[in-house]
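Below is one structure, written out as structure tokens, with a few remarks after it.
We use all heavy atoms of the structure for the numbers below, so side chains are in, but hydrogens, waters and symmetry mates are not.
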Amino acid sequence: MAALTRYRAFFQFLRPQMSVMDSGSISQDVLHSLQYNRAHCARHAFSGETRKYSSDVKSGDDLIVKYLDGDDSGIVVFGIDRPKAKNAISKNLVKMMSEAVESVKKNSKVRTVILCSIVPGIFCAGADLKERAKMHQSEVGPFVAKARTLITELGNLPMPTIAAIDGAALGGGLEMALACDIRVAATSAKMGLVETKLAIIPGAGGTQRLPRTVGVSVAKELIFAARVLDGVEAQSLGLVNHAVEQNKSGDAAYLRALELAREFNPRGPIAIRMAKLAINQGIEVDLTTGLAIEEACYAQVIPTKDRLEGLAAFKEKRLPRYKGE
């Protein structure tokens, strides 16, 4: 019971306050980016269909956030858009992503987040070294701390997160992907924690998340050698869940990620959040404590309307209609 009590604090997020997404006016630059993103990130997924992106769009420099609607309602896409800098992690990108993460965290209608790139051939090249070179030495530590906090918050989102790696994900770019629950990569994508080439180490969670993903000795080899893997190699090591052949549009990983999100969408959203919490917290502790965490998470789904709806749908031989209640 002590273990059970210890983890009750983790369950307070179950019914977060729902935030209202402001659509507002959209500048011509943003409209151009949206048109480009539709062509790149979802060309085949939406061509010939009546589905469209929701008018609930929040955008800013370096990042485009789209709330899908129709049958895909509940799926949110974070699209990194820094073509001139190969999507490198800048101060502004950290700021924009932090705001986006905070926004979806408070929105109980969001069921899955997909992190992808708007820029063909690149996911994220890591830290913006040109910007970093202009920083005073005293600025570097605080900036890295902010980037680390962002990636930690991305990893702590209560709903499933999927990284769609359609191009190079290096350094901090791979660290962002590692913070997601699931990774999908094009076979042609390039991934690696390459910081030792610059006489530094991964500083945004890479030394901790990579060993938890591929094992300690493999992670050491990859980090010590600053080795870069393609999608096939990454899948063989368990670094990515799926490796898919790239298509002419350059968005094969995104489309596979969208398929996964569509698999998740019909399931009980509270149950998925509780399952994620139980797994994430349980994997860090001994089995006895982990089972206590699972028991506590299970207790959270018992009084929900969704559980009763699931039983009713099973009895009536129909599809359930879950509302996250």
Quick check: is [Y] connected to [X] through a chain of hydrophobic side chains (ILVMFWY, heavy atoms under 4.5 Å apart)?
{"X": "I223", "Y": "V194", "result": "no"}
{"X": "I293", "Y": "L291", "result": "no"}
{"X": "Y322", "Y": "I270", "result": "no"}
{"X": "V228", "Y": "I122", "result": "no"}
{"X": "L174", "Y": "L170", "result": "no"}

* To do: Please report the C-alpha distance between M176 and I89 in whole Å, then the side-chain angles of each, then the deciding distance to 0.1 Å, and finally whether the side-chain contact (heavy atoms from CB on, under 4.5 Å) criterion is met.
  => CA-CA 10 Å; M176 280 198 294; I89 301 171; 4.2 Å; yes
Within the side chain of [X], is there an N or O that forms a donor-acceptor pair under 3.5 Å with the backbone of [Y]?
{"X": "D286", "Y": "T289", "result": "yes"}
{"X": "T112", "Y": "T161", "result": "no"}
{"X": "T304", "Y": "V301", "result": "yes"}
{"X": "S103", "Y": "A100", "result": "no"}
{"X": "R209", "Y": "L178", "result": "no"}
{"X": "R212", "Y": "Q208", "result": "yes"}

Side chain to side chain, [X] and [Y], heavy atoms closer than 4.5 Å:
{"X": "V77", "Y": "Y254", "value": "yes"}
{"X": "F123", "Y": "D166", "value": "no"}
{"X": "D181", "Y": "F264", "value": "no"}
{"X": "K86", "Y": "V119", "value": "no"}
{"X": "V101", "Y": "L157", "value": "yes"}
{"X": "L222", "Y": "L239", "value": "no"}
{"X": "R111", "Y": "I272", "value": "no"}
{"X": "V94", "Y": "K91", "value": "no"}

Do [X] and [Y] sit within salt-bridge range, that is, some charged N less than 4.0 Å from a carboxylate O?
{"X": "E175", "Y": "R148", "result": "no"}
{"X": "E309", "Y": "R318", "result": "yes"}
{"X": "R256", "Y": "E259", "result": "yes"}
{"X": "K323", "Y": "D306", "result": "no"}
{"X": "K106", "Y": "E102", "result": "yes"}

I need the minimum non-hydrogen distance between [X] and [Y], along with the two atoms involved.
{"X": "G231", "Y": "M191", "result": "CA-CE, 3.7 Å"}
{"X": "E195", "Y": "G172", "result": "OE2-N, 3.8 Å"}
{"X": "A186", "Y": "Q246", "result": "CB-NE2, 3.5 Å"}
{"X": "I165", "Y": "A177", "result": "CD1-CB, 3.9 Å"}
{"X": "R307", "Y": "I302", "result": "NE-O, 2.7 Å"}
{"X": "D230", "Y": "T187", "result": "CB-O, 3.5 Å"}

What's the separation between atom [atom1] in [X] and atom [atom2] in [Y], rounded to the nearest 0.5 Å?
{"X": "Q235", "Y": "H242", "atom1": "CD", "atom2": "NE2", "answer": "8.0 Å"}
{"X": "I114", "Y": "C180", "atom1": "CD1", "atom2": "SG", "answer": "10.5 Å"}
{"X": "D69", "Y": "D72", "atom1": "CG", "atom2": "CG", "answer": "8.0 Å"}
{"X": "L68", "Y": "L258", "atom1": "CG", "atom2": "CG", "answer": "6.5 Å"}
{"X": "D71", "Y": "R262", "atom1": "CG", "atom2": "CZ", "answer": "8.0 Å"}
{"X": "K105", "Y": "E153", "atom1": "NZ", "atom2": "CD", "answer": "4.5 Å"}

* List the steps, then state whether side-chain contact (heavy atoms from CB on, under 4.5 Å) holds for R183 with T213. => CA-CA 11 Å; R183 286 161 295 285; T213 303; 3.6 Å; yes
Do other residues, nucleotides or ligands put more than 12 heavy atoms under 6.0 Å from the [atom1] atom of [X]?
{"X": "K146", "atom1": "NZ", "result": "no"}
{"X": "I283", "atom1": "CD1", "result": "no"}
{"X": "E294", "atom1": "CD", "result": "no"}

* Begin with the C-alpha distance, continue with both residues' side-chain angles, and end with the deciding distance and a verdict on side-chain contact (heavy atoms from CB on, under 4.5 Å) for I80 and C116. => CA-CA 6 Å; I80 307 174; C116 72; over 6 Å; no
* Tell me, with the steps shown, if L93 and K95 meet side-chain contact (heavy atoms from CB on, under 4.5 Å). => CA-CA 5 Å; L93 180 59; K95 177 178 179 292; over 6 Å; no
* Asked: Which one of I162, V240, L255 satisfies the side-chain contact (heavy atoms from CB on, under 4.5 Å) criterion with V184?
  -> I162
